[in-house]
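One structure below.
Below, read A as the first sequence line, B as the second, and so on, with proteins coming before strands; counting in each chain starts at 1. Keep in mind that the numbers below use all heavy atoms, side chains included, and drop hydrogens, waters and symmetry copies.
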Amino acid sequence: MERSAIAPMPSLEIKRYTGIMDWLTTVDHKKIGLMYFWFTVTMGIVGGALAGLIRFQLATPGAVIETLQAAHLAGGPEPFSLFSNGGGIFGDQDRFNQMVTMHASVMIFFTIIPGFIAFMNYIVPLMVGARDMAFPKMNAFGFWLLIPSAMLMLSSFFVQGGAAASGWTTYPPLSILGHGTKPGQDMWVMGVHLAGVSSILAAINFIVTIASLKVMKWRDLPLFAWATLFVSIMALIATPVLAAAVTMVLLDRNFNTTFTIASQGGDPILYQHIFWFYSHPAVYIMILPGFGGISHVIAAFSRKRVFGYLGMVLATGSITALGFVVWAHHMFVVGMPTWMQYYFQVASLAIGVPTGIKVFSWLATMWGGTIRMTVSMMFACGFLCLFVLGGFGGLILALTAVDYTLNNTYFVVGHFHMVLVGGSVMLLFSMTYFWWPKMSGHFLSERLGKWVFWLMFIGVFIAFFAMHISGANGMARRIAVYYSDFRFSNYLTTVGYLMTFTSACLFFGDLIYSYRRPKITVDDPWQINDIQQSFEWATSCPPPVYNFAKVPPIPILEQIPSHDHKH
Amino acid sequence: MPRVMSLSLALILALLCAHGTAADGPSVVLPAPPSATSAAPESASARIDADVKLFNPDVYRLDDQGSPVFPGHSLFVEPVTEVARQVLSATWFSALVFLPFLILPQVLLLVIIFKFKDRGDGRAPATFLTHHKLEVIWTAIPFLAVLIVSIPTYYVLEFMDDPPKETKDLQVVTVTGKQFAWMYEYKRYYVDPNADEKVCLQSSLDPVNQLQEPLLLTKGRSVSFNLTSQDVTHAWWVPAFGVKKSAITGRFTNVWFTPDTLGVFKGQCVELCGDKHGNMIITTVVVERDEFERYMTLLRHRDDTVPVWNALQPPAGKTVPAGAVAKAVAAFLQKGDSPERQYALSYWMASNFSSIQRVPPPKGSSIAEVLGVAHPADDHLARDKQIDEVIRAKRKQVDELLPALAKSLAALPAAAATPILR
Ligand SMILES: [Cu+2]
Ligand SMILES: [Cu+2]
C-alpha cells in the first residue's frame, strides 16, 4: 500500500513519440485499453457482418428444402441462395460452414473476450489505485498478438479451399480432412494459438496487478477487480488446455500423429473432452467480467452500495470453481456412462445457484435506491431480463434426458446467443456507456442511446427467442437449408438481426461523434464517487498518463459507515 | 419494457405448450395414382403402389396447385415412444419447478424500476448492505429446486440408458454414418440364411438413384441401435423418438426405444459433418410386423433386380434394345422364381421409378425430360399424368413378362435349369 505512495514515475511521462507512433509503441494501460476497445468494435462489425451473411442465406428462397425440390421437379431455375450452390438438391454448404465457423471465432476470440479485456485493462488499474499494469510491456505485447491472430483467421477466406469450415468447435475427424490442400484450418489453429498466448499474458498481468498493486485491502477490492481476478485465474488454467486441443488437430493434420484418428488408435472423443475443458470456462470468461462491471453500474445509478458484497465475491469464486467441472454437458450425446452424465447434469444445474445469488443481489442493490434510468442502467436492466431468460433455457438444456432431444438444435443456438448477446454484449454496452466518459473524456448521447438500447433489446429478444422456437420445433444447427416448417421463425430471427444491426450502427456513429462533444471537466461526471468502492472516479477524465498524482484518498470507503466488514 | 417482458413470458408459455400439442401428425399423403389402362390385374398393381408408398415415403409428387407434397416432412411430431414421452414430461416438470426463477426476477425488476425510480423528490436511498436471512433463502431455495429436479430426471436418464433385458425379439440395427448418408444393417436378417458366412440385410443409398433410404421399424417392437461412423462424427436424431446419439469412428454408441405409433418420422444428422451436412436427412417408417417382414423379403432380393432396372434404363436418348428386358427378367427368375421373388422384382421396379422422381435432374432439365416426356411446361397436371403413363408402361413391360417366363422356367426339368441366358 505504501509502496504506491512514492513519487511520480518519471519514465512514463517521457513521450518519445507522438501521433501514430505513440500508439504503436505505447505501454500505457489506458491507450492499450482503448486499442483493445477499438479492436473489439472493428471485430464486432466483422463478426456481425458474417452473422448477416448467415441470416441472408437463411432468408433466401433457396434455403427452404420444399422450394428447392419444387424447382427441381418443375425443371425451373434454381431458387436464389447465397451459399448453397450446385451439388444436388441441398447444395454444397461449405461456404456457409466457413461463415458459421468464422462468425463464432471472431465473436468469441476477437469481440467478447477482448471487449472485456479492454475494460479490464483500462479500468482495473485505475480502480485499484495503480499507475499501470504490473507488466506494461507484456500488456502491449499481448494486445499486438491479437492483430496477427485476427489477420491469420480472416485472411484464410482467401486461401485455397477457403477458411476453416468445421465449426468453431473444430471436432476431428472433420477438422483433420483436407490437410495439405486446405490451409484454412491450419491458419485457424495458428490464430487460436496467438489469441491464446495473448489471453494468458493478459491473465498473468491482471493477477499480478491486482494482487500486488492494489492500494486497498482484499476485503475492499471492487467487484469488477474481483471478477477480473477470477476470470484471469480461469483463463490462465484453461487456455493452455485449448492450446493442447487445437495442437492435436494441427499435429494430426500435418505431422501424421493419430491423436484423434480411430483407425490408428486415436479417439475423436478425447479431443472433445479436452476442448470443452477450456470452452466451458470460456463461457464464463465471456461473462464474469461483465458481472463485475454491472455491479458498479447498478450501484452507481441506484445511488446505493452493492448489496451482499461478500456473497457476490463468493458467488463469482464458486462459478469459477464449478466452471471447471461441468464441461461434458456439451457432449451428453457421445455416449458416457449414466452416472457420469448424471454428475455433469447436477454440477451444471448447481452453477445456477451462485448465478441466482448474483441476480438477486443486483435486484437487492436496486431495491430502495433512487434509480436514475441512464442508458447504461437501461442496458443493465435489459441484461438482467434477457440473461435470466437465457439462463432458464440453460437450466432446461442441462438436464441430460432433455438434452438428448435439444442437443445441437437451434434451441442451443438460441440459448447461448441469448446469454452472450442478451448477456455479455448488453453488459459491454452498459459498461461502455458507464465508463466511456472516463475513457474518452466525452459523454455518449443519452437521447440516441435510448434508441440504441430499445432497438437492441427488442432485436435481441426477437432474434434469439425465435431461435429457441426453431430448435424446439426440431431445426438442427449449422444447416444452410431447412424444412419450410421453420421458415417463419427464421424470418423472425432475421428481423431481430436487422434491428440489432441497426442499433449497433447507431452506436458506432455515436461513438465516433462523441469525440466532438464538449470535454468533461470534472473527475466524477456521474456524481457517484461517494457510493463507489473504486478509485477511477478520483482522477480526471481521461486520466493523466500517471493516473494519480498521489495515492487516491482511501477515506472514500470509510465515509460510508455501514460497510459491513464483520463477516 | 413491461410489455416486452410480458410478451416474453407469453411466448415462453406458448413455446412450452406448443412442444406438447401442436403436430401435423405423421400422415402419408400421396395423390392416388391415375388408373392404369393395362390388362394387368388392378389389385396386384395397386398393392405394389401401396407398398411403395408405405416403404419409401420420401417419394413425392405435385399437388393440384403444383407445389410438392412431402409425406410426413414435419420434424415436429408428437412423441411416439415411451422414452420421448418421459423426456417430454421431464421437460414439463423441470420447467415448472424452474419457472419461479424465471418469473420472479422479471417481476421484481419491473416493480423496482417503477417503485424506486428517481422522481427528483429528494428521497434518500436506502443504505442496507446485507440481509443474511434473505441471502440464505435465495441460496437454499434454488439449491432445493436443483435437487427436486434431479431426482425424476435421474430415473428418465436411467430408463433411456438401460436397454430392455429381453433380447429375443429385440430388433437390432447397426447404424453407420458416412459422408453423407446413413447405412442401416438389419441384424439377424440375412441375405441367405443358409449360407456359411451370413451377410445381414442392408439399406443405405438406393443402388439405382443414390438416395437415402428409410429405416423400417416395427410398431411395438423394441429396437436397439449400435451407432458408428466410417469417416467423421455424425449424430442420429429423430425428434419423435426422443433419442439422439453421436456416431463416432472407432466406437459403438447405443440407443434403444420402442416406437408405438404407425407412421413416417423424420430427422436429420445433427453433428456438423461437412459440406453436405444438411443433406443427411433421416426417414423412419414404423410399420406392422408382417409389413416389416415383407420389406425384409423385398430387401433380400433387391440386388438381383438391378440388371432388370438397368435394362429398362437405356442411356439418355437411346431406346431399350429389343429383348434386353426379357433377358434380364429371365436371368432373375432363373435364380429363383418363387412368388415372393416375382413380387420383389415388380416392387423394386415400381419403387425405382418412384424414387427417380426425387433425383435432381441435371441443371436446366426436368424429370420429364429425363424420362423423355414432351411436357407442357405450364401444365403440371398434364405433365405429371404423362410421366405416370411412361412409368406405367415401363412397369407393365416387366409385369407382363414375369408370369410367362416363370411358367416356362417351371416347365423345364430340374436338370435343364442351367443358365439359359447369360
Ligand atoms: Cu458449458
Ligand atoms: Cu452427418
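- For the options A:Leu395, A:Thr409, A:Ile176, A:Ile396, heavy-atom pairs under 4.5 Å to chain B are most numerous at A:Leu395.
- Between A:Leu363 and A:Trp367 there is no side-chain heavy-atom pair separated by less than 4.5 Å.
- Heavy-atom pairs under 4.5 Å with chain A were tallied for B:Val255, B:Asn254, B:Thr139, B:Leu108; the largest tally goes to B:Thr139.
- Applying the side-chain contact (heavy atoms from CB on, under 4.5 Å) criterion to B:Gln179, with sequence neighbours excluded, gives A:Leu174, A:Leu177, B:Asp231, B:Val232, B:His234.
- Looking only at distances, a side-chain donor or acceptor of B:His277 sits under 3.5 Å from a matching main-chain atom of B:Glu271.
- For chain A, the option among B:Val156, B:Ile248, B:Thr253 with the highest count of heavy-atom pairs below 4.5 Å is B:Ile248.
- The number of heavy atoms from other shown groups lying within 6.0 Å of OH (B:Tyr155) does not exceed 12.
- With sequence neighbours excluded, the residues forming a side-chain contact (heavy atoms from CB on, under 4.5 Å) with A:Val346 are A:Tyr342, B:Ser150, listed by chain and number.
- Ranked by heavy-atom pairs under 4.5 Å with chain A, the list B:Gln86, B:Arg119, B:His131 is led by B:His131.
- Of the listed residues (B:Pro105, B:Ala84, B:Ser94), the greatest number of heavy-atom pairs within a distance under 4.5 Å of chain A belongs to B:Pro105.
- Proximity to chain A (any heavy atom under 4.5 Å) is shown, for B:Val87, by both the backbone and the side chain.
- If you tally non-hydrogen atom pairs under 4.5 Å between each of A:Val359, A:Asn407, A:Thr400 and chain B, the highest count goes to A:Asn407.
- For OH of A:Tyr343, the number of neighbouring non-hydrogen atoms (other residues, nucleotides, ligands) closer than 6.0 Å is greater than 12.
- In terms of non-hydrogen atom pairs under 4.5 Å with chain B, the most contact-rich of A:Ala364, A:Gly352, A:Pro268, A:Gly356 is A:Pro268.
- Listed options A:Asn408, A:Asp94, A:Ile479 were ranked by heavy-atom pairs under 4.5 angstrom with chain B; first place goes to A:Asn408.
- The greatest number of non-hydrogen atom pairs below 4.5 Å with chain B, out of A:Leu384, A:Asp267, A:Asp403, is found for A:Asp267.
- Comparing A:Arg477, A:Arg372, A:Gln341 by heavy-atom pairs within less than 4.5 Å of chain B, the highest count is held by A:Gln341.
- Using modelled atom types and a 3.5 Å distance limit, the side chains of A:Thr170 and A:Ser175 yield no donor-acceptor pair.
- In this structure the side chain of B:Phe128 reaches within 4.5 angstrom of the side chain of A:Phe307, judged on heavy atoms.
- Interface summary for chain A: among B:Leu272, B:Val146, B:Thr249, the most heavy-atom pairs under 4.5 angstrom belong to B:Leu272.
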